[in-house]
Structure formats: structure tokens, C-alpha cells
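Values reported hereafter were calculated over all heavy atoms of this structure, with side chains retained and with hydrogens, waters and symmetry mates removed.
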Amino acid sequence: MSGTANTMNAAGAVQRGPFAHLARDFTASVVVFLVAMPLCMGIAIASGVPAEMGLVTGIIGGLVVGSLAGSPLQVSGPAAGLAVIVFEFVNQYGLAALFPVLVLVGAIQFAAGALKLGGVFRVISPAVVHGMLAGIGALIVLGQFHILFDARPLSSGLQNLAAIPGRITGISLDNPSQSELAIVLGLITMVVMVGWEKLRPARLALVPGALLGVAAATLLAFALKLDVTRVAVPESIAAAFRMPGADLFAPLADTALLPGLLISAVAMAFIASAETLLSAAAVDRMHDGERTEYNKELRAQGVGNLLCGLFGGLPMTGVIVRSSANVQAGARTRISTILHGAWILGFVALLPWLLREIPMAALGGVLVVTGWRLVKIDDVKHLLHQYGPLPAAIWAITFALVVSTDLLTGVLAGLALSLVELVPHRRGLNLKVAREHEGEATELKLEGAATFLGLVRLNSALDTIPDHHDVKLDLRSVHGIDHTTAQTLREWLSRRRSNGRQVELAGHSDVLKPLHA
């Protein structure tokens, strides 16, 4: 009955006024702001663009997307998952070409939401998603390693990897130069960040380690007047926003560049949407409040990216680190997300001089730790143990190609390999989903092959089951299940049971086996 109770409580709070949860939301917004500030700037640096572009995206993500979002507790802003794409794009086409492409990205996302295609992004294989994120994490580590030395990253992951030995052997402790001073600040940032997160007392659990790490490096650099590269931000908030002009779409008029720009727009829209909706699904698992409206969320992201293109920001997604901080800090409504955008705006407007004291190497240290945490070897071990060698191979190949070639190639290869999972079921790929309600109970019967091809239909059926219903899930007529569907059912079962609802399973042991850890 917890789902009903929460709904009733939420309804009661609304009746008492729209700001019934303001105290919790206010506190959570401050926590998210403190987490977001170093990440917004660090991701901009990792993308090879000025730091203020990340702050512009954080402001739009909070004030605009936070107001429109279909996932009220999800926080949107610049994402590490797109930093690699932006870095390669700017190197190839130039910064001016990024802004009209972002307008196209926003238009594509808004159209996809309007056409109710949000559910399509939820059927992407977890092996592809985790392989992609691990590859992005590795590329961020390799690129930001050079930022630690106050140097600019090279144009590819393999080039960055090849240059690392030279960086290390070039260190001189006898006569430290700018590079040695920068690496000390970067290491201090990482040690404080990781050490705090491991050793912090429970009562200070919401204080972000990234903020303390950057603060420690900044204070040291300021106190010792170290000659290292610092973050460059404009003198005023007005200068941070690029006002749209008549030349905004000029890059699209170049017929030689147009095909590449359109492909980039589609790739960014696809990856940003997938990351956003997967993050939204993860946020839903963290709380028992309002569920995500996926198409509404997609439309909100479209508006946000369109505005980022018009006003000079980075592409945005829903981001899990800031979203989880929001939930853990006790946020109850979208007011928290909106307020965090207001705090970023106020900080940039009133204290730009403080931002200019932050060493670049400190932000590089934050991104090295962030990237490293995306490379989760446990993910591939889990895939191999639970679902066999094919999903693990999809992860490994996606990861390898993202690092060695580019993000789009890796993702497309992973999606193509996912089709191999259909081969054993090629004679019966249709999935029938029958749902019956009786009182406060629902029976859901599946028949056929439960593969990602039928996942939109299955997700639709699962999402429409009332929270307070007990459920019987009948899989006796399912003759095969792929790992994407198995993972979806596993997460759905976990969420229902964590809310105290009964779920009865019926089916063959070989089908039910993937559903048990």
C-alpha cells in the first residue's frame, strides 16, 4: 500500500500549497548546486570549449528544463557522455558550427517527444549503453590526464594514450615548472575528492567531494601564488550568453559541411536522448514519488538543447550524478532542480572573480575521477555471469571501438551486434502482451519471444499497472528472452517489491533464471 500512501500524501501536500516541501527542496537545491558547479566547468574544459559554456547549460537545464521536465527530480546539464563528441566536433568543424547543430538536436528531440518515441530509447541494449559509457570514461581519463599537466588534450584517445609516457618521464622534481605545479594541484584535488567520499562522517554525507577537492587546490594555488593556468570566465553574466545573430545558421549553408553536420546532429540527439531517459529510469528507482513521463522529458530536453544552441551552451542531458544527489538530499518536487539553476546564475553574475581563481588542473582532477568511475568492469562481469558471452562481447566491442575510433562507430557496432540475439528466436519474434485487472490485482501474460523488439509494448503494459496492485507475471508461454528484456523485468520486479507489492512469477525455469541475481 506504500504506493497509494505516497500518492495520498503527495496529494495532501499539494492541497496545503505548492510550496509544502520548500524547505527540503531548498536544501537539496544547494547540494545539487555545489555538485554541479565544478562539473559544469570541468565538462566544458573536457569538451575543449570555454568554461562558461558549461555554466550556461547548467543554468538553462535548471531554470528551463527543470520547469518542463517529465522527470521532476532529474537534473539536466552538461554531461560527460557528450564531452567526447563535442571535443571531436569542435576540432573538426569549429566552435561556430556547434550552435546551429544544437538547435537541430533540440528540434529532433522535441519532435521525437511529440511523436511519442520516448519509449524507443528504453529498448537499447544495456550492454551497448554500459560499453559506451565505459568508453567515454576511458577517453575522459586519457584526455584529462594532459589537463593535469596544464597541457591541451590531443585529438583522439589513442593519441592521448601514446603521449602519456612522455608526460610522465618529463616530470622534473628538482626544478618544478608550470606542469609539475599543475599536476600537484590535480593530485590534491583527486586525493581530497576520493578521500572525503570514503572517510566523511555521516552527518556531512551530502557535502560533495568534488567541491572540497577544487576548493583545496584553489586555496593552495591562491595562497602560494602558483603560476598555473586558471579558468577563464567572462567579466559579466551577459558576456557568458552568446546572443543569437543572423549568422547563427551560416555553417549549415556550406554544402560541403552540411552532411557531416546533419549526421552529428542526429548522433548527438540519439545519444543525449538515450542517456537522459536511462538516467530518468534510474532516478525512478531511487524514490517512490512521481514517475517519469518519457515523452514529456524528451520534449523538455529538446527545448533545453535548442536554447543552448541559441545562447551558446553545451549540449545537455539528464545526468545521474546530479540527479542522485538531488534525491539523496531529500528533494520532493521540481523546485529543487529549478533553484539549483538560479544559484548557478547568481554565482556567475555576482562572483565571477572567484571562478577565475580555480586552476584548470583542479577541474582536470575532478574529470579524471569522474571518467574513471564510468569504466565499470563489474558491468561486463555481470553481463557474462548472468546472460552469457554475447552481451559481454557487445560491451567489450562497443568499448573498444569508442576508444579506438569514435563514439558513433562504437554505438552503431554495438547495436548491430545486438541483432545477433534475435537469431535463436527468428521464427517467432512476435511478443503478445495480455493484461487483465481484477479488483486490486493485475495479471500480465506474455507469449512468444521476449526480445527488445517487443520491449516498447512490454514497457507500456508495465507502466500502466497501478502502483497499489498485486501482480501475477505469467511467462509460461515465453519461449525465449534476451538480456535487454531480462534486465528490464529484473529492475521492474525490484522496484515493485521494494515498494511492498506482491509479484507472483509463473514460467519455465530457463526463462526465469535471468531474473534472479
Donor-acceptor pair, distance only, cut-off 3.5 Å: does the side chain of [X] make one with the backbone of [Y]?
X	Y	answer
Asn160	Leu139	no
Gln144	Val141	no
Thr398	Gly131	no
Gln74	Ala280	yes
Thr57	Pro315	no
Arg24	Leu22	no
Arg334	Gly66	yes
Ser47	Val49	no
Asp25	Thr333	yes

On a heavy-atom basis, which atom in [X] and which in [Y] lie closest, and how many Å separate them?
X	Y	result
Ile43	Pro78	CD1-O, 3.3 Å
Ile344	Ala36	CD1-CB, 4.3 Å
Gly81	Leu407	O-CD2, 4.0 Å
Ala232	Glu52	O-OE1, 3.4 Å
Val348	Ile237	CG1-CD1, 3.4 Å
Leu142	Gly157	CD1-O, 3.6 Å

Applying side-chain contact (heavy atoms from CB on, under 4.5 Å) to His130 and Lys376, what does each step give before you reach the verdict?
CA-CA 8 Å; His130 293 308; Lys376 299 178 181 177; over 6 Å; no
Compare all side-chain heavy atoms of [X] with those of [Y] and state whether any distance is below 4.5 angstrom.
X	Y	answer
Phe89	Leu82	no
His340	Val30	no
Leu355	Leu55	yes
Asn459	Thr488	yes
Phe87	Ile140	no
Leu415	Ser125	no
Leu367	Ile45	no
Arg299	Glu293	no

Inter- and intrachain pairs under side-chain hydrogen bond (donor to acceptor under 3.5 Å, both in side chains), touching residues 320-330, at least two apart
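For residues 320-330, and leaving out neighbouring residues, the side-chain hydrogen bond (donor to acceptor under 3.5 Å, both in side chains) pairs sorted by first residue read Asn326-Ser336.
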Residue pairs, two or more places apart or on separate chains, that pass side-chain hydrogen bond (donor to acceptor under 3.5 Å, both in side chains) and touch residues 131-143
none
Could you tell me the separation between the [atom1] atom of [X] and the [atom2] atom of [Y], rounded to the nearest 0.5 Å?
X	Y	atom1	atom2	result
Met37	Leu363	CE	CG	10.0 Å
Leu401	Thr405	CG	OG1	5.0 Å
Leu34	Leu39	CG	CG	11.5 Å
Thr292	Glu297	OG1	CD	6.5 Å
Leu278	Leu133	CG	CG	8.0 Å
Asp284	Ser71	CG	OG	5.5 Å

For Lys296, is the NZ atom crowded, meaning more than 12 foreign heavy atoms sit under 6.0 Å from it?
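Yes.
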Any chance CH2 of Trp372 has more than 12 other-residue heavy atoms, nucleotides or ligands included, within less than 6.0 Å?
no
When the side chains of residues 202-229 are checked against the rest of the protein, which donor-acceptor pairs come out under 3.5 Å, sequence neighbours left out?
from	atom 1	to	atom 2	distance (Å)
Thr218	OG1	Val214	O	2.7
Thr229	OG1	Asp150	OD2	3.3
Thr229	OG1	Gln178	NE2	3.1

If the test is side chain to side chain contact (heavy atoms under 4.5 Å, CB included), which one of Val56, Leu63, Ile60 qualifies with Leu345?
Leu63
I would like to know whether Phe347 and Leu354 meet side-chain contact (heavy atoms from CB on, under 4.5 Å); could you show each step before the answer?
CA-CA 9 Å; Phe347 197 93; Leu354 183 57; 3.6 Å; yes
Give the ring-plane orientation class for Phe145 versus Phe149, where under 30° counts as parallel, over 60° as perpendicular and anything between as tilted.
tilted
Determine whether the side chains of Ser155 and Asn91 contain a donor N or O and an acceptor N or O closer than 3.5 Å.
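Asn91 and Ser155 do not have a side-chain donor-acceptor pair below 3.5 Å.
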Just by distance, no angles: are the side chains of Arg152 and His146 close enough, under 3.5 Å, to form a donor-acceptor pair?
no
Listing, residues 97-122 side-chain donor-acceptor contacts under 3.5 Å, not counting sequence neighbours, or none:
from	atom 1	to	atom 2	distance (Å)
Gln109	OE1	Asn305	ND2	2.7
Gln109	NE2	Ser273	OG	3.0
Arg122	NH1	Asp463	OD2	2.8

Identify each donor-acceptor pair in which a side-chain atom of residues 241-269 lies under 3.5 Å from a protein atom, sequence neighbours left out, and give them as a table.
from	atom 1	to	atom 2	distance (Å)
Asp254	OD1	Ala256	N	3.0
Ser264	OG	Gly260	O	2.9

Apply side-chain contact (heavy atoms from CB on, under 4.5 Å) to Thr337 and Leu73, showing your working.
CA-CA 7 Å; Thr337 300; Leu73 300 186; 5.8 Å; no
State plainly whether the residues Glu491 and Arg496 are in salt-bridge range, i.e. N to O under 4.0 Å.
no
Phe26: what forms a ring-ring contact (aromatic ring centres under 6.0 Å, His included) with it, not counting sequence neighbours?
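Trp343.
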Audit row: Glu290, Arg332, salt bridge (charged side-chain N to carboxylate O under 4.0 Å, His left out) steps and yes/no
CA-CA 9 Å; Glu290 185 179 343; Arg332 291 293 184 268; over 6 Å; no
Verify side-chain contact (heavy atoms from CB on, under 4.5 Å) between Asp406 and Thr409, making sure each step is shown before the conclusion.
CA-CA 6 Å; Asp406 58 72; Thr409 299; 3.0 Å; yes
